[in-house]
Amino acid sequence: MLTLLGAAAVLGTIATPASATTQETRKFVGYGSSDFGLELIYARHDARNQATWAGFTDCEECDKILFPYSATVFWRCTR
């Protein structure tokens, strides 16, 4: 193993393919509450704002929890 590392040091750095891209995925949780039935809209808006501030634009809602007067949404975003 040390021989391989020594050979790599002599030849230069170990190269990775140029086409290799890393894709970052994060989850965001949005919360909303309303007395007028708008809790799901507020929760989605909260999750969207968090994702936008973090620089994520490609998002999908993967789950939601609805209670009377409150909602929680889970978004999975990639960039």
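- Evaluation of the side chain to side chain donor-acceptor pair (under 3.5 Å) rule for D63 yields no partner, not counting sequence neighbours.
- If you chain together hydrophobic residues whose side chains sit under 4.5 Å apart, Y31 and I65 fall into the same group.
- The structure places CG of D46 at 14.0 Å from CD of E39, a figure rounded to the nearest 0.5 Å.
- For the atom pair E61 CD and R48 CZ, the distance stands at 10.5 Å (nearest 0.5 Å).
- Applying the side-chain contact (heavy atoms from CB on, under 4.5 Å) test between W75 and each of R26, Q50, R44 identifies R44 as the sole match.
- A single hydrophobic cluster is not seen to contain both W53 and V29; linkage of ILVMFWY side chains at heavy-atom distances under 4.5 Å, directly or through other members, places them apart.
- Here CZ of F36 is found 13.5 Å from CD1 of I41. Values are rounded to the nearest 0.5 Å.
- By the side chain to side chain donor-acceptor pair (under 3.5 Å) test, E24 is found to be paired with R79, residues two or more places apart in sequence or in another chain being considered.
- L66 is connected to V73 through a chain of hydrophobic side-chain contacts under 4.5 Å among Ile, Leu, Val, Met, Phe, Trp and Tyr, so both are in one cluster.
- Taking all atoms of both residues into account, the shortest heavy-atom contact from Y42 to S34 is CE1-CB, 3.8 Å.
- F67 is not listed as a side-chain neighbour of T72, based on a closest heavy-atom distance of 4.5 Å or more.
- Shortest non-hydrogen contact noted between A43 and G32 is CB-N, 3.6 Å.
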